[in-house]
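Only one structure is covered here, and it is reproduced in the block below.
Values in this document were obtained by computation on a predicted structure and should not be read as measured data. Below, read A as the first sequence line, B as the second, and so on, with proteins coming before strands; counting in each chain starts at 1.
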Amino acid sequence: MIYLDNAATSGRKPESVYRAVDRALRECSGNPGRSGHAVSLAAGKIVSDARLQCARLLGAADPSEISFGPNTTTALNTAIYGIAREGMHIITSALEHNSVSRPLEHLRKCGHTVTVLPASVDTGVDPDDVRRAIRKETGLIVMTHISNVTGTVNEIAAIGSIAREAGIPFLVDAAQSAGARSIDVQRDGIDMLAFPGHKSLLGPQGTGGLYVRTGLLPEPLTRGGTGSFSEFPEQPTRMPDRLESGTLNVPGLAGLAEGIHFILDTGVTEIHKNEDRLRTFLYEGLSAIPGIRLYTPSAGHDAGSVLSFTVSGMESAEVAMILDAAFDIAVRSGLHCAPYAHSMLGTIGSGGTVRVSPGYFNEMSDAEAFVEAIRTIVQENAS
Amino acid sequence: MIPERYSRQIRYAHIGEKGQEMLLASTVVIVGMGALGCVSANELVRAGVGHVRFIDRDLVELSNLQRQVLYTEADAAESLPKVFAAADHLRAVNSDVEIEPEFGDLNSGNIDALFRGADLIVDATDNLETRYLINEYCVEHSVPWVYGGAVGSEGMTAAFVPGGPCFCCFSGHPNASRQGSGRTCSSAGVLNTLTATVASLQVTEALKILTGSASVRKDLLYMELWDNDFYPIPLEKNPDCPVCVHHRYTYLGTASGTQAISVCGKNAYQILPSARRSPDFQALAERLSGLGEVKVKAYYLEFDSPSASFRLFKDGRAIINNADTEGRAKSVYSEYIGGL
């Protein structure tokens, strides 16, 4: 099996991640932050370590700015609903995943106003458009760092500095960038950042988190079960307790901490370099096949390790199924939960796109086999 | 006081008043409301089985009317769910019977609810996987069931009662690789006299079981109506049967059945058969050729007709187009590709 669906979840994890999950379940099976006995403390230590590693990787000023949850979608919903105030104006882009666009559509129906900025596939949202869209009621700017459909990179730091200047909270969806790109929340002017544990951070599924800058205090989505401050009638204001209701996924966080250790040891730059080499090969290889249309930044533009394409005369779901059934290659097809991006690209009619996303553990031979498979499928389909 | 409407049945010595009372107090579940299901439901409701529940996931089409005796042209024109059309017609036949239509797919997740209170199950399905599931349920809960199958002019039926040999003793382990004849009623056609015969034989066994008769058929009856062949095949209990001896189930209480997964961005489902298989594209193309446009491509077989459109891949998976529900997608797979 050649796994090229790392934008959905990283298919392979470092050995240390598997071991950490197993060890946490066997040896640290207490409930963190509840009881004072040895295994509860051991579980608590795992959570603290995971928090510390996330803070190091993202450049957070304090580990308490990192709260954990089950996934990026929950983190984005927590941030968006936690900040929304009546009559608020929100700025976003056409590149967003529906974990952003659906909550915003819901808020719009509840009376908020939402501006969806257009984006170019090559360069993403124009930061000047963000500046121009700001109104006095604007209370939130939410942008994806890297599009999960095209790999388009938004200029997060430029948008962050505009948001900071205007005093508007800036939320970043780092689903495709955390662990694969250099991110420094302080340097980049990011107030909140939602991240998955199971993609480029190389942890298990069911882990994710939200960075919230000290000073911001979003309303929690769920209340109770914090373990701490049991005497309070209401949810505590202390972070991260405020946003962490219910028992955390300790084995998952143990794996996540090890995934980040691996990334910090390897270096984000090195990981990016490796993925970019594979992506560039795929881009060039697919560009040379007649009948393939690519939806991804063109040569010379920065791009994430994701690219989308369609095959002339074929449905995307069919191409993905042939890759799986006949070539043992795993990719994803469809709308990738980002319907507006497909409206923008005009790919709704073909059933979305085929998306290929190499990860750090892929070899150049995987990319070569992929391009060769697509070349064969295109030829066979034409004959 | 037993209604006059059953007088001819009561006069029949083996049923009598006592038998009729037993029927009136019984609950029968029919799985599948195609040709076999229509005939069974019609006979069971007229015979006065007090409570008849039937389950089907499909809609009435014009090509059903040749043999699915409960449906009308109007039902097909409206594409009514078979169970609702059947319920309407049968309520007009016998308003004393409680008729319960269930529209949807029978699977391990809902079988307990759909089979609740059943005294007997009538198999009128078109696929093996559902039969294995029914068999496992009936073994676990000691419920009798009557198997029936029909394609072309060839049919089979058998009654499986608690303690006796089960369907698995006869047909082998569900996980055993099987090529199957691949024949389905869509591709090979079927005689309406065959489906009526098989279903009537099934209902006869059902009536015997429900009235406590000792004359329940113990073997499997095979028939070939066109070439005049009828013979019994003995059923023997497999002393090592995974289902009725070891109670190790493949479908009951597991999620291992065929899956239908919505295809993102399309009105379509991907069907993943529970076991990998390798369909013979050329043979299937020949069988399907009269029914619509078939193309055999390097990696898949493409089929398009006004009533079904799909792409079948080499590992047996398929994308069923224009399917609004999982049930419809599974139904198209069973009907045109078969072997589920």
Item to check | Counterpart residues, salt bridge (charged side-chain N to carboxylate O under 4.0 Å, His left out), relative to A:Glu380 (two or more places apart) | outcome: none
Taking atom [atom1] of [X] as the centre, does the number of heavy atoms from other residues, nucleotides or ligands within less than 6.0 Å exceed 12?
X	atom1	answer
A:His106	NE2	no
A:Ile348	CD1	yes
A:Glu368	CD	yes

Item to check | Toward chain B: residues of residues 306-315 of chain A with heavy atoms under 4.5 Å | outcome: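 Listed by number: A:Met314, A:Glu315.
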Next on the checklist: Quick check on A:Ser333 against chain B: is it the side chain, the backbone, both or neither that has a heavy atom closer than 4.5 Å?
Outcome noted: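 It is the backbone, since no side chain atom gets that close.
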Checklist entry - So what's closer than 4.5 Å to chain B heavy atoms on A:His342: side chain, backbone, both or neither? => result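 For A:His342, neither part sits under 4.5 Å from chain B.
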Next on the checklist: Let's go through B:Tyr299 and A:Thr376 carefully: what are the C-alpha distance in whole Å and the side-chain angles of both, what is the deciding distance for side chain to side chain contact (heavy atoms under 4.5 Å, CB included) to 0.1 Å, and is it a yes or a no?
Outcome noted: CA-CA 10 Å; B:Tyr299 302 109; A:Thr376 313; 3.2 Å; yes
Next on the checklist: If you define the side chain from C-beta out and look only at heavy atoms, does anything of B:Arg317 sit under 4.5 Å from A:Asp324?
Outcome noted: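 Contact flag for B:Arg317/A:Asp324 side chains = yes.
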Checklist entry - How long is the gap from CE on A:Met321 to CG on B:Asp315, to the nearest 0.5 Å? => result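 Between A:Met321 CE and B:Asp315 CG, I get 7.5 Å after rounding to 0.5 Å.
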Checklist entry - If you look at every heavy atom in B:Phe313 and A:Glu318, which pair is closest and at what distance? => result CE2-O, 3.9 Å
